[in-house]
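Read through the structure below, which is laid out as structure tokens, and then see the notes.
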Amino acid sequence: MKHYFRSPLLPILLSFTVLLPISANAAPSAGVTTMAAHSGSLSETVLSYGTLAAAPAGSRNVIVQYDAIVEEVMVHAGEYVAQGTPLVRITTTPAAAAQYAQARSAYDLARSEFQRQKRLNKAGLSSNDQLATARKSLNDALAQLKAQKKAGASTGSTLLKAPVGGVVTSLSAAQGDQLTAGSAVASVSSKKGLVARLGLEPEDATRLSPGDKATLSMPLDGNRKMQATLRSVGGMIDPQSRLVPTIATFDNPPENLPVIGTTMVAHLSLPPREGILVPRSAILEDGEGTYTYTVENGKAARHNVNILAETDTTSLIGKGIAPDATVIVSGNAALEDGIAVHEVSK
């Protein structure tokens, strides 16, 4: 009688023998998620940073009308002042006082001469031309005297006051300074005329123009948002910041604007551009540039592309793929050109 031994490993070995050829012949396939690209337009939003500043129309300079000496500075730069607040006390220099005295003396002499010529003319002892000359000399002397008085040279000590209510944005005088006529001692800026001074990247500045809308926010003020309009876009690059200076005005300025110098953030929408829209996750980059994968005949096909604009979720391709291409949006990071792919559930 023959005995047969049945090994418990036999079924496993048989199974391995059958499955091996199948495993060896199966082509690798990567699971991906796809979406269809389509033609369309995209408006890109750019950020610009700047500060709250006084508009030129809302600023007033305090000017010395005659040569003077600063007796007292009564405010500090950055201080808020009401209209009419004394800023600086000045007194006339000896030379300015002498000029006023000369103007007064010339007026008194001209008035006396005119009265004399008037009496002589009435008595027939002087001509009308002489009377007219005396009258002109009197008018000229009076004009000079009024100019000295208007400038304040007739008073020994004068208070220079704030022409408008606002912030003292500059103060160039110190006690004891001797100032010449026409010198600015201070500048006061009204908070009613504030603007946002921004800096744009040169490539963005070329696509924006006065009249475009912006949304302004202030990080130090709870990021509250205000609508604004670009009033001007600079035509040159600032040598310090390497940005293009831009001014934005508030459409409806709130009454409680923050202090001058507050940091501003502007969100500006660039004009829309036409191209091929794809999800931003479909765009990849490596040493060769920007690219995306499409599905062609069940395989991944790499395409180098150029990006015209982007948002947080969408990219606008200028060229590189067909408008109706099927792009791979997930599982694309480890793909290679030509590898087989299959769709997985989204």
Side-chain angles (χ1 to χ4, degrees), residues 28-50 198-217 219 223 225-230 233 243-244 246 248 251 264-346:
S29 178
V32 297
T33 303
T34 64
M35 288 188 69
H38 63 278
S39 298
S41 62
L42 185 66
S43 178
E44 190 175 15
T45 299
V46 298
L47 291 181
S48 176
Y49 298 88
L198 307 170
L200 291 174
E201 294 290 344
E203 60 270 22
D204 295 333
T206 59
R207 299 171 60 190
L208 292 167
S209 58
D212 289 344
K213 295 298 182 179
T215 300
L216 300 178
S217 60
N223 275 323
K225 292 178 172 54
M226 292 166 286
Q227 298 305 308
T229 302
L230 295 187
V233 178
L243 299 174
V244 178
T246 303
D251 293 344
M264 307 292 296
V265 180
H267 294 74
L268 304 116
S269 295
L270 297 176
R273 305 179 73 173
E274 300 292 330
I276 302 170
L277 295 171
V278 299
R280 190 166 182 176
S281 59
I283 304 301
L284 302 170
E285 288 186 6
D286 61 11
E288 299 180 12
T290 305
Y291 65 98
T292 189
Y293 283 111
T294 64
V295 177
E296 298 179 7
N297 299 321
K299 295 182 179 181
R302 172 175 170 146
H303 301 268
N304 293 329
V305 296
N306 73 309
I307 304 300
L308 300 179
E310 282 186 320
T311 65
D312 291 340
T313 59
T314 307
S315 296
L316 183 70
I317 295 176
K319 60 180 180 179
I321 63 172
D324 58 350
T326 300
V327 294
I328 300 176
V329 298
S330 177
N332 51 357
L335 291 180
E336 294 182 1
D337 191 29
I339 192 172
V341 293
H342 64 273
E343 183 81 23
V344 296
S345 58
K346 298 180 181 179

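The first residue in the sequence is number 1, and the count goes up from there.
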Under the side chain to side chain donor-acceptor pair (under 3.5 Å) test, which residues partner Glu296, sequence neighbours left out? Thr294, His303

Considering only residues two or more places apart or on different chains, which pairs with a residue in residues 316-338 satisfy ring-ring contact (aromatic ring centres under 6.0 Å, His included)? none

Report the residues that fulfil salt bridge (Lys or Arg N to Asp or Glu O under 4.0 Å) with Asp251, sequence neighbours left out, ordered by chain and then residue number. Lys213

Considering only distance and modelled atom types, tabulate donor-acceptor pairs under 3.5 Å from the side chains of residues 325-335, sequence neighbours left out.
{"from": "Asn332", "atom 1": "ND2", "to": "Ser281", "atom 2": "O", "distance (Å)": "3.2"}
{"from": "Asn332", "atom 1": "ND2", "to": "Ile328", "atom 2": "O", "distance (Å)": "3.2"}

List for me each residue that meets side-chain contact (heavy atoms from CB on, under 4.5 Å) alongside Lys319, sequence neighbours excluded, and say none if there are none. Asn306

Under the side chain to side chain donor-acceptor pair (under 3.5 Å) rule, collect the residues that match up with His267, sequence neighbours excluded. none

How would you list all residue pairs meeting ring-ring contact (aromatic ring centres under 6.0 Å, His included) that involve residues 318-341, not counting sequence neighbours? none

Set of residues satisfying salt bridge (Lys or Arg N to Asp or Glu O under 4.0 Å) with respect to Arg280, sequence neighbours excluded: Glu310

Validation: residues 198-208 side-chain donor-acceptor distances under 3.5 Å, sequence neighbours left out:
{"from": "Thr206", "atom 1": "OG1", "to": "Glu203", "atom 2": "O", "distance (Å)": "2.9"}

With sequence neighbours left out, write down each residue that passes side-chain contact (heavy atoms from CB on, under 4.5 Å) with Pro210, or none if nothing qualifies. Val233

So, using salt bridge (Lys or Arg N to Asp or Glu O under 4.0 Å) as the criterion, who are the partners of Asp312 when residues are at least two apart? none

Just to verify, what does Glu288 make a salt bridge (Lys or Arg N to Asp or Glu O under 4.0 Å) with, not counting sequence neighbours? Arg302

